[in-house]
Amino acid sequence: MAVLITAESKIICQGLTGSQGTFHSEQAIAYDTNLVAGVTPDKGGMTHLDLPVFNTVAEAVAKTGANATGIFVPPVFAADAILEAADAGLDLVVCITDGIPVRDMQRVKRELKDSKTVVVGPNCPGVLSPGFGKIGIMPGYICEKGKVGVVSRSGTLSYEAAVQTTTAGLGQSTIIGIGGDPVNGTNFVQALELFLDDDDTEGMVLIGEIGGTAEVEAAEFIKSWKKKKKPVAAFIAGASAPPGRRLGHAGAIVSSGAETADAKKEALRSAGVEVADTITSIGDAMKKALGVS
Amino acid sequence: MNIHEYQAKQLLAKYDVPIPVGDISYKTHDAERVAKWLDEDVMIVKAQIHAGGRGKAGGVKVVKSVQEAIEEADNMFGMKLITPQTPPEGKEVHRVYIEAGVDIDNELYFCLLNDRSTSGITMIASTEGGMDIEEVAEKTPDKLFKVHIGPGGDLQHHHVRKAVFDLGLSGKTAKKAARLMLNAFRAFTDLDAEMIEINPLVITGSGDVVAVDCKMTFDDNALFRQREVAELRDDGEIDPLELEAARHDLNYVKLDGNIGLMVNGAGLSMSTMDIIEHYGGKAANFMDVAGAATPERVAAAFKLIYRDPGVDGILLNIFGGMMRCNDIAEGLVAAAREVGLSKPLVVRLEGTNVEKGREILRESGLPIEPVGSMGEAAKKIVEAVKEVA
């Protein structure tokens with residue numbers, strides 16, 4: 001049964017009354033997401049999109065039994081919003097906000113070191129489980145309930161993976177956008193672990209990009225799989241990127257040889273991963289890895 | 001964000017990091033004033049550009065007299081420095097820094113940086129100062145010493161004690177080096193730096209410790225609370241098109257191909273560059289029109305790319321999540337009406353509100369026909385641009 005967002009999910013939105021929070025919560029409701037409340041400081045007591053609004057996350061949890069949140073607040077307040085959600089004991093915190101200072105996220109990492117709360121993002125498209133709902137900004141219409149778990153650093157590329165696995169007739173169990181920031185919550189390895197333990201997931205698509213070594217660590221993790229293993233397909237963006245230039249994502253910059261697209265593709269191939277040459281062949285790569293035609 | 005060497009030194013000096021005495025000049029007569037004020041037996045004249053490798057390119061000169069300092073500075077103004085880190089045509093020198101020479105006994109290396117693999121800050125020290133540190137890491141890794149500071153943690157005295165002993169320092173010099181490291185760390189966290197690299201970190205003949213060259217970069221996301229740092233930005237160091245793009249909050253990087261790209265999302269933007277190359281073309285730019293764009297920003301982005309003389313054709317590739325296709329279409333139509341459409345344009349539109357977006361394009365009466373897939377779009381624009389050329 002999918003991961004992170006499941007039949008048990010009761011979701012709130014931090015920043016529900018803002019324009020992004022409103023728009024994407026409407027989309028989530030239309031996608032049959034179990035959205036139970038919103039949190040906007042100083043707007044407690046009002047009703048928005050037919051949902052109760054609370055001043056604090058703790059209050060929303062006490063009144064609704066919520067266990068997950070999507071964060072749509074401006075970057076200046078976002079790190080604090082993550083910590084507030086974790087403090088209130090939520091199982092899942094998905095932070096969509098882009099532009100959070102690195103030092104703030106380092107502080108979040110320190111505070112949540114021993115926490116049971118799973119943080120996804122920031123600077124990410126969110127999480128979507130077809131049939132169970134979504135947190136974030138992924139368009140629902142391109143997804144279909146199925147057997148592929150998708151994990152991606154890039155938002156738009158997670159949509160490409162969704163469309164292509166849908167078109168290939170495979171569908172998705174869950175799509176996890178881990179975000180493009182240098183310091184983030186859930187990483188590739190943790191996402192792959194979730195999918196490995198999920199009965200509905202038969203194979204995984206991993207979408208990485210230049211910069212950092214998270215994809216290489218994922219390759220090492222895949223290599224370590226023994227009895228319990230699942231086929232993985234991958235794509236790495238940025239093969240044509242000039243070194244030393246930051247391309248959009250705070251983390252997308254080649255600063256050493258190990259961080260290039262080629263080095264990452266090679267590491268993944270050596271771990272037995274089916275690597276797609278272009279962004280348009282992700283669906284085919286997954287089919288090949290799964291052994292279906 | 002990058003700043004100049006002299007700016008980095010001036011910032012560090014505020015945190016009691018010792019630097020050689022010196023000052024900046026913008027014109028030859030400024031340089032004359034600085035050189036006469038310094039009046040040292042040995043002075044260093046340094047071109048200030050945002051790129052390393054200045055020494056070999058003629059951007060750093062050791063001089064022995066005030067007159068010589070003025071002459072070298074005069075030579076440097078307006079000079080185009082070409083180093084491995086500059087664009088091929090080089091970077092023009094507008095600022096020259098003159099500082100007192102330092103009596104060098106030993107050259108070390110010191111760096112603090114945000115380390116994505118630990119989510120914390122890592123301190124790197126090495127006995128091989130003045131060298132390219134990647135080369136040191138590769139050839140003599142035993143001469144490189146690292147301290148990982150946990151996420152959100154502080155640099156501790158025992159961290160720097162280990163570092164200075166690793167570097168072979170002792171006595172008062174060791175104490176001075178330790179103090180410099182702690183001060184640099186305070187600057188790093190106070191100022192939301194991304195990296196502080198002091199190379200070389202010089203031990204002088206009298207046992208003092210001095211930051212002789214320094215590079216500092218900052219977290220762009222934190223500039224809103226670092227006004228003093230933000231004001232150090234030198235627009236002259238930034239490509240004019242990139243500067244214009246930044247004014248419209250667009251993520252734009254100029255590249256050397258001829259296909260203009262307008263894409264939403266950094267990942268999709270990179271993959272679009274990749275697939276263009278796969279089909280034998282080359283992108284003129286990276287552009288992420290980013291999250292919550294408005295039609296006005298979309299129009300500004302399109303005009304910016306369209307007016308780039310290096311662009312022979314444009315590919316618009318949108319997969320809307322946060323971004324809504326109707327906003328894209330509206331902006332595109334407005335911009336296309338304004339500039340006319342004499343360069344080939346291929347549009348691929350998918351995602352949030354896609355039907356509304358396609359309707360706007362259809363009803364505009366402009367010859368904009370969205371293609372079905374990204375592969376098809378890439379092939380089409382590569383062919384169209386070949387025909388133009």
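Residue numbers begin at 1 in each chain, while the letters A, B, ... track the order of the sequences. Note that these values count all heavy atoms, side chains included, but never hydrogens, waters or copies made by symmetry.
Contacts of A:Phe235 classified as ring pair (Phe, Tyr, Trp, His ring centres under 6.0 Å), with partners at least two apart in sequence or in another chain: none. Shown here are the ring pair (Phe, Tyr, Trp, His ring centres under 6.0 Å) partners of A:Phe221, two or more places apart in sequence or in another chain: A:Trp225.
Neither the backbone nor the side chain of A:Ile207 has a heavy atom closer than 4.5 Å to any heavy atom of chain B. Neither the backbone nor the side chain of B:Val263 comes within less than 4.5 Å of any heavy atom of chain A. Looking at B:Asp274, the atoms closer than 4.5 Å to chain A (heavy atoms on both sides) sit in the backbone and in the side chain alike. For A:Val163, the part sitting under 4.5 Å from any heavy atom of chain B is the side chain, from C-beta outward, and nothing else. Contact of B:Leu255 with chain A is made through the side chain alone, with heavy-atom distances under 4.5 Å. Of the atoms belonging to A:Glu111, not a single heavy atom falls under 4.5 Å from chain B. Neither the backbone nor the side chain of B:Ser269 comes within contact range of chain A, judged by heavy atoms closer than 4.5 Å. Only the side chain of B:Gln226 comes within contact range of chain A, judged by heavy atoms closer than 4.5 Å. Contact of B:Phe224 with chain A is made through the side chain alone, with heavy-atom distances under 4.5 Å.
Side chain of A:Ser154 to backbone of A:Gly208: no donor-acceptor contact under 3.5 angstrom is found. At least one donor-acceptor pair under 3.5 Å links the side chain of B:Arg297 to the backbone N or O of B:Asp249.
Taking every heavy atom of both residues into account, A:Lys109 and A:Asn184 meet most closely at NZ-O, 2.8 Å.
Here B:Arg225 is the residue among B:Glu350, B:Arg225, B:Lys282 with the most heavy-atom pairs under 4.5 Å with chain A. Options B:Gly375, B:Ser373, B:Ser271 differ in how many heavy-atom pairs under 4.5 Å they form with chain A, and the most are formed by B:Ser271. With respect to chain B, the highest number of heavy-atom pairs below 4.5 Å among A:Val183, A:Ile100, A:Thr213, A:Ile142 belongs to A:Ile100.
Between A:Arg153 and A:Glu215 there is a salt bridge, with a side-chain nitrogen of the basic residue lying less than 4.0 Å from a carboxylate oxygen of the acidic one.
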>> Between B:Asn2 and B:Thr217, is the side-chain hydrogen bond (donor to acceptor under 3.5 Å, both in side chains) condition met? List the steps.
In response: CA-CA 5 Å; B:Asn2 294 320; B:Thr217 63; 5.0 Å; no

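Of the N and O atoms on the side chains of A:Thr166 and A:Glu144, not one donor lies less than 3.5 Å from an acceptor on the other residue.
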